[in-house]
Amino acid sequence: MSAPGSRSARARWLPLIVFGAILSLLAAGVWLSRDPDRNALPSPLIGKLAPAFVLPVLGEPERLVSGDDLRGAPYLLNVWGSWCPGCREEHAVIEAFARTQRLPVIGFNWKDEPEDATRWLAQFGNPYALVLADYDGRAAIDWGIYGAPETFLVDGDGIIVWKHVGPMTDAVVRDQLLRQLDRLDIR
Amino acid sequence: MIRALLLAILIGLAWPPDARAQVAADATPLHFESASEERRFHRMVAELRCVMCQNQSLADSNAQIAHDLRREVLELMRQGMDDAAIKSHLVARYGAFVLYRPQVGPATWLLWFGPLLLLGAGGVVIWRVVASRRPDRPLPPDDTETW
């Protein structure tokens, strides 16, 4: 038979324990939401072969480029559209990165009118080695693209090794992209 | 006219400010070949999540990506894929997030069985409280207790 004292002691501590449990749940919630990119979905394509595609080059509708044409050398694929404010925001960052010439930056012009896209590049500058145009958005689905801007790093074997959703910033380039390039030994 | 305007304002208000998907401007309605195809399509898109808007199904969303994914779903249906194959086709590209009803697996056990667990724990607590109040033992013959 348990002593009556132990039961009442437990009853006295119970509210405090419950309170502590709720508090730690709240703290965990706050901790998990500190990441500004928390709404970005993890891509199931990371570590997998980049999806096959055949897309026309912006401004040259008869020149088609396929995924196989890009294979063999690493590249950065930057998804953008003239309708996308975040793309305007990150443009200077992409340009600065492209100037380092560590690897070619390929533009993926997503669901855009070709005239709008061309005018946008003429106005803000064109950092891209090549711009592919996905007018109807079909190839974008295979890449798991759901918003712009999005940026993929594809290695020389055609494997997607890294992805960033949302505007690229200097911090993302420094802390994530450059580290990936160092890891892959891309100079 | 006024209703359409109100609807437009409501949609505008509901739209998250950081949404980066293009809003459909060139909404070309999908055409169905049969009523059963249409029924199946509507059932499918109600079970898939709009990847951009996070709290809307593919059926409800007006984002451009939702249009594209609806068109893709219809196309895959016409290629003869069954529902499970269409879902795994989208999961391979967008992750399990696209499913409104998550699959049962190690990562989602807590999601599926957590409420049941909580209900069980609550039941145990209530049972113990009730049991401790039941005067199933004769009171000790000590009458100094005042309750």
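Chain A is the first sequence line, chain B the second, and so forth, proteins listed ahead of strands; every chain is numbered from 1.
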Exercise for review: Could you grab the distance from atom OH of B:Tyr94 to atom CD1 of A:Ile145, nearest 0.5 Å is fine?
Suggested key: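 Between atom OH of B:Tyr94 and atom CD1 of A:Ile145 there are 7.0 Å.
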
Point to revise | Heavy-atom closest pair, residues A:Pro44 and B:Gly95 | key: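 Taking A:Pro44 first and B:Gly95 second, the nearest heavy atoms are CG-N, 3.3 Å.
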
Check your understanding: Which bit of B:Val98 is near chain A, if near means a heavy-atom gap under 4.5 Å: side chain, backbone, both or neither?
Key ->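 Neither part.
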
Check your understanding: Looking at B:Glu72, B:Arg71, B:His89, B:Glu75, which makes the most heavy-atom pairs under 4.5 Å with chain A?
Key ->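 Top option by heavy-atom pairs under 4.5 Å: B:Arg71.
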
Point to revise | B:Asp68 side chain reached by A:Arg138 side chain, heavy atoms, under 4.5 Å | key: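 They are not in side-chain contact.
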
Exercise for review: Using the rule that two of Ile, Leu, Val, Met, Phe, Trp, Tyr join whenever any of their side-chain heavy atoms come within less than 4.5 Å, decide whether A:Leu64 and A:Leu132 are in one cluster.
Suggested key: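 Each belongs to a different hydrophobic cluster.
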
Check your understanding: Under a 4.5 Å side-chain heavy-atom rule over Ile, Leu, Val, Met, Phe, Trp and Tyr, are B:Leu30 and B:Met81 clustered together?
Key ->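 Yes; B:Met81 is reachable from B:Leu30 via cluster members.
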
Exercise for review: Pick out which of B:Gln64, B:Met52, B:Arg93 makes a side chain to side chain contact (heavy atoms under 4.5 Å, CB included) with A:Tyr146.
Suggested key: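 Exactly one candidate clears the test, B:Met52.
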
Around [X], counting heavy atoms of other residues, nucleotides and ligands shown, do more than 12 lie under 6.0 Å from its [atom1]?
{"X": "B:Arg78", "atom1": "CZ", "result": "yes"}
{"X": "B:Leu110", "atom1": "CG", "result": "no"}
{"X": "B:Gln79", "atom1": "CD", "result": "yes"}

